[in-house]
Amino acid sequence: MLYGNPHLTGVERTFDENEIIVTKTDLAGKITYGNDTFYKMAGFSEKESLGKQHNIIRHPEMPRAAFKLVWDTLAAGEEVFAYVNNRSKNGDHYWVFAHITPSFDTSGKLVGYHSSRRKPNRSLIEEKIIPLYKDLLAVEKAASSPKEGMENAVQAVLDLLDQTGMGFNELMLSLGR
Ligand SMILES: Cc1cc2nc3c(=O)[nH]c(=O)nc-3n(C[C@H](O)[C@H](O)[C@H](O)COP(=O)(O)O)c2cc1C
């Protein structure tokens with residue numbers, strides 16, 4: 001595992017509104033494709049990325065619950081939208097608005113996943129997403145085990161959705177890009 005207590009520089013990387021960061025994975029989340037914008041932002045070369053788990057760019061301040069919700073939605077064969085903070089190889093970080101979809105072959109069999117990420121709205125990240133993820137991370141850290149922490153944080157998100165009457169994707173999209 002490359003993370004745990006990874007080095008962070010505190011430097012935020014940004015990308016252009018016209019750029020899209022793209023990766024594809026197999027069913028296990030191993031990277032099978034990245035575009036040049038991905039390699040530029042992640043700081044990992046194609047050679048360093050292909051065949052590796054996508055968590056090579058996991059940021060330690062991302063709540064586990066966010067990824068759990070992403071994977072559960074994908075496993076149900078549905079698309080999912082999510083705001084994600086990523087850690088570049090050198091410890092810089094970059095925020096994205098990701099749209100992740102399941103890929104099917106012609107017989108309808110699930111064969112992998114595809115993520116396209118746009119530059120997110122700065123004030124939305126500052127005002128809504130950073131505080132939300134901070135709260136979820138605190139819920140996770142307060143529990144006696146990582147598993148229990150993640151379950152509590154997932155429940156916190158489900159409670160929030162209950163209050164708003166929206167589904168996860170609906171809430172993500174309602175926040176604006
Ligand atoms: C298509 C696809 C793209 C993903 N992109 C990212 C990403 O950019 N950053 C990230 O931290 N996790 C991404 N993930 C989720 C990772 O697979 C993983 O669940 C996450 O990094 C948490 O790591 P962990 O499960 O080891 O805690 C992606 C998963 C899929 C299927």
Side-chain angles (χ1 to χ4, degrees), residues 1-17 19-23 25 29 37-38 41-42 53-76 78-88 91-102 113-177:
M1 236 21 109
L2 284 172
Y3 66 90
N5 193 13
H7 166 72
L8 297 172
T9 61
V11 175
E12 178 159 4
R13 294 189 182 194
T14 57
F15 57 111
D16 198 82
E17 271 167 22
E19 290 181 297
I20 304 182
I21 301 173
V22 180
T23 53
T25 72
T37 310
F38 172 72
M41 296 300 289
Q53 279 291 334
H54 220 309
N55 67 13
I56 56 168
I57 55 162
R58 188 200 200 290
H59 194 286
E61 287 161 19
M62 275 299 291
R64 291 160 62 93
F67 297 117
K68 165 88 172 123
L69 288 161
V70 164
W71 276 103
D72 285 355
T73 311
L74 291 173
E78 289 166 28
E79 65 178 352
V80 59
F81 295 87
Y83 292 89
V84 181
N85 188 14
N86 286 303
R87 180 188 166 278
S88 309
D92 291 355
H93 65 278
Y94 62 98
W95 280 96
V96 300
F97 180 56
H99 176 217
I100 314 176
T101 53
Y113 303 105
H114 183 147
S115 179
S116 304
R117 304 129 178 124
R118 289 273 191 188
K119 180 181 177 161
N121 177 297
R122 187 70 236 159
S123 50
L124 172 70
I125 294 293
E126 299 279 351
E127 289 158 26
K128 300 253 173 75
I129 306 299
I130 290 177
L132 172 67
Y133 286 178
K134 218 171 156 186
D135 285 352
L136 294 176
L137 200 65
V139 168
E140 293 184 354
K141 296 214 159 136
S144 53
S145 73
K147 183 170 179 280
E148 190 192 317
M150 187 185 64
E151 284 165 4
N152 292 348
V154 166
Q155 194 52 52
V157 175
L158 297 179
D159 290 347
L160 185 69
L161 296 178
D162 253 3
Q163 281 164 31
T164 58
M166 291 188 216
F168 185 74
N169 283 340
E170 212 184 336
L171 178 72
M172 289 292 124
L173 289 167
S174 77
L175 294 171
R177 219 170 30 81

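Note that the structure is predicted; figures quoted are calculated from it, not measured. Count residues from 1 along the sequence.
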Checking R58 side chain against R87 main chain: does a donor-acceptor pair fall under 3.5 Å? no
To the nearest 0.5 Å, tell me how far [X] [atom1] sits from [Y] [atom2].
X	Y	atom1	atom2	answer
L136	M150	CG	CE	12.5 Å
T37	F15	OG1	CZ	8.5 Å
E61	L8	CD	CG	6.0 Å
E78	F168	CD	CZ	12.0 Å
H99	R118	NE2	CZ	12.0 Å
I57	T23	CD1	OG1	7.0 Å

Please test D72 against V154 for side-chain contact (heavy atoms from CB on, under 4.5 Å), starting from the C-alpha separation and ending with a verdict. CA-CA 11 Å; D72 285 355; V154 166; 5.9 Å; no
For [X] against [Y], the heavy-atom pair lying closest together:
X	Y	value
G10	H93	O-CE1, 3.7 Å
S116	V22	OG-CG2, 4.3 Å
I100	S115	CG1-OG, 3.6 Å
L124	N121	N-OD1, 2.9 Å
I130	R122	CD1-NH2, 4.4 Å
R13	Y94	O-CB, 3.3 Å

Residue pair N86, S88: steps toward the side chain to side chain donor-acceptor pair (under 3.5 Å) verdict: CA-CA 6 Å; N86 286 303; S88 309; over 6 Å; no
Just do the side-chain contact (heavy atoms from CB on, under 4.5 Å) check on W71 and V80 with the steps written out, would you? CA-CA 9 Å; W71 276 103; V80 59; over 6 Å; no
Strictly by side chain to side chain donor-acceptor pair (under 3.5 Å), give each pair with a member in residues 153-167 just once, sequence neighbours left out. Q155-D159
Any pair counted as side chain to side chain donor-acceptor pair (under 3.5 Å), so long as it reaches residues 131-144, sequence neighbours left out: S144-E148
Under 30°, 30 to 60°, or over 60°: which ring-plane class applies to F97 and F81, parallel, tilted or perpendicular? parallel
Show the numbers, then the answer: is there a side-chain contact (heavy atoms from CB on, under 4.5 Å) between L175 and I129? CA-CA 9 Å; L175 294 171; I129 306 299; 3.9 Å; yes
Can V157 and L171 be said to form a side-chain contact (heavy atoms from CB on, under 4.5 Å), step by step? CA-CA 11 Å; V157 175; L171 178 72; 5.9 Å; no
